[in-house]
Amino acid sequence: MASPSVSRPAIYAAVARIPAGRVATYGQVARLAGISGHARLVGYALSALPEGSRVPWHRVVNAKGEISPRSNGLGHDRLQAVLLRREGVWIDRTGRLSLAAFRWRPRPRGT
DNA sequence: CCACTGACGAGTG
DNA sequence: GCACTCGCCAGTG
């Protein structure tokens with residue numbers, strides 16, 4: 001349940017800004033979407049994404065740097081790991097990736 | 001209108 | 001570093 005449509009467009013737009021090979025946290029996306037502090041809403045919005053959407057939802061991970069397990073039972077969490085790996089983002093055997101190395105930094109100084 | 005539920009995050013022990 | 005609690009918003013029964 002819970003298919004909130006808060007600022008879905010804003011959230012999707014923020015997620016769409018994440019470059020391949022990089023990841024962003026829900027909180028980070030929320031901040032970019034203009035709803036900082038509402039990381040949950042980001043997750044809810046992404047959960048409502050249709051399978052054919054062009055939104056790189058797989059580039060969004062939680063603050064711990066791991067793929068949040070979902071309950072839809074469609075194995076999307078597994079798919080996310082595969083998609084990320086395909087972009088060069090390797091998940092640690094503990095199920096976590098190095099945020100320090102793969103976290104996307106919007107507006108970096110220089111370049 | 002009330003209660004429960006979700007792809008979360010930060011703080012505390 | 002891990003486990004637990006509280007806070008946030010929106011939709012459903």
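Below, read A as the first sequence line, B as the second, and so on, with proteins coming before strands; counting in each chain starts at 1.
If you take CD1 on Ile18(A) and CH2 on Trp104(A), they are separated by 6.5 Å, rounding to the nearest 0.5 Å.
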Contacts table for residues 48-55 of chain A: side-chain donor-acceptor under 3.5 angstrom, sequence neighbours left out:
residue  : atom : partner  : partner atom : Å
Ser53(A) : OG   : Pro50(A) : O            : 3.1

task: For Leu97(A) and Trp90(A), run side-chain contact (heavy atoms from CB on, under 4.5 Å): C-alpha distance rounded to whole Å, both residues' side-chain angles, the deciding distance at 0.1 Å, then the answer.
output: CA-CA 6 Å; Leu97(A) 57 85; Trp90(A) 294 78; over 6 Å; no
task: Show your working on side-chain contact (heavy atoms from CB on, under 4.5 Å) between Trp57(A) and Leu79(A) and close with a plain yes or no.
output: CA-CA 11 Å; Trp57(A) 56 271; Leu79(A) 174 62; 3.7 Å; yes
Verdict with reasoning, Arg86(A) to His58(A), per side-chain contact (heavy atoms from CB on, under 4.5 Å): CA-CA 11 Å; Arg86(A) 199 176 104 171; His58(A) 59 277; over 6 Å; no
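Taking atom P on both dC8(C) and dT12(B), the two are 16 Å apart, rounded to the nearest angstrom.
Distance CD (Glu66(A)) to P (dA3(C)): 11 Å, rounded to an integer number of Å. In this structure, the OH atom of Tyr44(A) is 8 Å from the P atom of dA7(B), given to the nearest Å. Taking atom CG of Leu41(A) as the reference point, atom C1' of dG11(C) lies 12 Å away to the nearest angstrom.
With dA7(B), dC9(C), dC8(B) as the choices, the nucleotide that has an atom nearest any side-chain atom of His38(A) turns out to be dC9(C). Minimum atom distance to the side chain of Arg40(A) is reached by dG7(C), of the listed dG7(C), dA10(B), dA7(B).
In the hydrophobic cluster analysis, where Ile, Leu, Val, Met, Phe, Trp and Tyr join through side-chain heavy atoms closer than 4.5 angstrom, Ile35(A) is grouped together with Val29(A).
For the segment residues 67-102 of chain A, residues with any heavy atom less than 4.0 angstrom from an atom of DNA chain B are, sorted by number, Ser68(A), Arg70(A), Ser71(A).
Under the stacking criterion of a centre-to-centre distance below 5.5 angstrom and an interplanar angle below 30°, Tyr26(A) is not stacked against the six-membered ring of dG9(B).
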